[in-house]
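What follows is a single structure, written as structure tokens, with notes after it.
Note that this is a predicted model, so its numbers are computed, not measured. Heads up: numbering here begins at 1 and tracks the sequence.
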Amino acid sequence: MGLRDIIQAIREYPAAHAGLETARSELRQVRQALDQSEQGQRSLRITLEEQKTNAKFLSHKAAALQDALTEFCPWLSTLEEMKRLYDTISPSLDPSGFTLYRTAEKLTGIDIHTFFPYEDNRGMFEDMDGRQLLNCLIAARFGAVKWEVVEGTGHERAVFREVDTTTPEYRKFEWQLYKNVLERMGFENILAPEQEAGVIENSVTELKLYSPLTADLYMEPDPDSQEHADGTELLVDLYGEDLTDYKKIILNAIEDEMLPEMEEQGLMFAFSGSEALGEKVLSLFPSVEEVDGVLCGALVCQIKGALTLAELEELKEFCTSQYADGWGKDYAQRPRHTADGELYVNFWQDDSFSILTKEELDTAKAASRPLRQPKRGGDAR
């Protein structure tokens, strides 16, 4: 190394020495941070092991409590028992009721934001908890909604009415709802396995099945009119809204058509379907009833317990067959004398026939509004 290089190195030494000290200081800091990190990792591993041990203990404890609950708790087989359990555990497991609401939403398939667009656009549902939302959903499901036009707009808003919670359909819905939500929360082991969905109790309740009503009216020709001057009768097609004035005549005719074997069970004397349904439906009597200004066919059933969905469908099929080929066919072939002419009443129609419970009828009416009605929803802000 030459003299020049030695002089240059002497000049650069202070800076190099300072850089080395800085590097050493940074290395010490890194080592300290590494030591702290290792200590932190050891602490976290200890905490993790403690948490694993605690989680394992809680898991075993939950399993033990579940076994004890299963061993000492009687089967929950009624709606009241299931609701009582839910009310006990919901403050901890479902404080805002959203689990209950989401279960009901899945069970019914109803989206309240779509069903109530006017209220949704106004932000009505934004601050509601699960139980408040559930009340709106239940009103939609069971037709407890009246629609009124918002003044100055072309939209309709909902007026919520009280839901009849005593009907078999509502009780069946509640039974399925609380059964599903308790299963979702992990309490399926204490629900009575032999219970079918919707079977609640053995009390006798009334169920009505509604269907369209039409009639043919043969009127005598007006002697002062040139129309039908040849003496031929004038045929007029009548529908439910036209038949309200003939309600008493139709009811009297139904009474006249009662056979001796129908005295106790009504149309159920001819039932040959499943044994389970035959035991639940104690009687089935045809009648008519006015619903919102429309006269409808009404089958009045006395039900022991509650029907499953499959049994309700079987009952509807039997009623349809009685209207089409049984009692209703004979009834339609006998004229009833009225002041306007001879009236032939049809409980069965070849097209657009339906048979619905009251709740199904209300839901169908709410979901399919005539085109002439004001529209719901829109920008309500």
inquiry  = For a quick test of reading the model, state the closest non-hydrogen atom pair linking T357 to Y210 and the distance between them.
reply    = C-CD1, 4.3 Å

message = A quick test of your reading: do over 12 heavy atoms of other residues, nucleotides or ligands sit less than 6.0 Å from CD of E21?
response = yes

query = How many angstroms lie between OG1 in T108 and CZ in R141, if you round to the nearest 0.5 Å?
reply = 8.0 Å

request  = Please determine if R102 and E105 form a salt bridge, counting it only when a charged side-chain N lies under 4.0 Å from a carboxylate O.
outcome  = yes

task = Using a cut-off of 6.0 Å, state whether more than 12 heavy atoms not belonging to D256 lie near its atom CG.
result = yes

inquiry  = Does this structure show an ion pair linking K316 with E360, if we count only N-O contacts that are shorter than 4.0 Å?
reply    = yes

request  = Could you list the residues that satisfy salt bridge (Lys or Arg N to Asp or Glu O under 4.0 Å) with K358, not counting sequence neighbours?
outcome  = D362

note = Here the pair of heavy atoms bringing R42 nearest to Q39 is NH2-CG, 3.0 Å

message = I'd like to know if the side chain of Q349 reaches the main chain of P212, judged simply by a donor and an acceptor atom lying under 3.5 Å from each other, with no hydrogens or angles considered.
response = yes

ask   = How close do S321 and F318 get, heavy atom to heavy atom, and via which atoms?
value = OG-O, 2.6 Å

key: Rounded distance (nearest 0.5 Å) linking atom CE of M268 with atom CG of L277   = 5.5 Å

ask   = Any donor-acceptor pair under 3.5 Å linking the side chain of R161 with the backbone of V159?
value = no

inquiry  = Does this structure show an ion pair linking R157 with E151, if we count only N-O contacts that are shorter than 4.0 Å?
reply    = no

Expected output: side-chain N252 to main-chain K248 donor-acceptor under 3.5 Å = yes

remark   = G130 and Y101 have their tightest heavy-atom pair at O-CB, 3.4 Å

ask   = Angle class for the Y218/Y344 ring planes (parallel below 30°, perpendicular above 60°, tilted otherwise)?
value = perpendicular

request  = Check whether any side-chain N or O of D94 sits under 3.5 Å from a backbone N or O of L100 as a donor-acceptor pair, and report yes or no.
outcome  = yes

task = Report, as yes or no, whether the 6.0 Å neighbourhood of atom CD on Q41 holds more than 12 heavy atoms from other residues, nucleotides or ligands.
result = yes

query = Can you name the nearest heavy-atom pair linking V163 to A144, along with the distance?
reply = CG2-CB, 3.5 Å

remark   = Interatomic distance, CZ@R31 vs CG@L27, rounded to 0.5 Å, equals 4.0 Å

note = Shortest non-hydrogen pair, F269 vs E261, comes out as CE1-CG, 3.4 Å

ask   = Between Y118 and H155, what is the ring plane arrangement, given parallel below 30°, perpendicular above 60°, and tilted in between?
value = tilted

key: C296 vs L213, side chain to side chain contact (heavy atoms under 4.5 Å, CB included): CA-CA, chis, key distance, verdict   = CA-CA 5 Å; C296 302; L213 201 65; 5.5 Å; no

inquiry  = Whether the side chain of E313 engages the backbone of A310 through a donor-acceptor N/O pair (distance < 3.5 Å, no angle test) should be reported.
reply    = no

key: Parallel, tilted or perpendicular, as decided by the 30° and 60° cut-offs, for the rings of F347 and W327   = perpendicular

ask   = Counting N and O atoms only, with roles assigned by atom type, does the side chain of E119 sit under 3.5 Å from a partner on the main chain of A158, one being a donor and the other an acceptor?
value = yes

More than 12 heavy atoms of other groups within 6.0 Å of Q333 CD = yes

query = Around atom CZ of R131, are there more than 12 heavy atoms of other residues, nucleotides or ligands at under 6.0 Å?
reply = yes

task = Let me see the working for R336 and E342 under side chain to side chain contact (heavy atoms under 4.5 Å, CB included), right down to the final yes or no.
result = CA-CA 6 Å; R336 322 296 167 183; E342 300 299 310; over 6 Å; no

task = To the nearest 0.5 angstrom, please state how far the NZ atom of K208 sits from the CD atom of E289.
result = 3.5 Å

ask   = In terms of ring plane angle, is the pair Y323 and F353 parallel, tilted or perpendicular, where the classes change at 30° and 60°?
value = perpendicular

query = Side chain of S96, backbone of F98: donor and acceptor closer than 3.5 Å?
reply = no

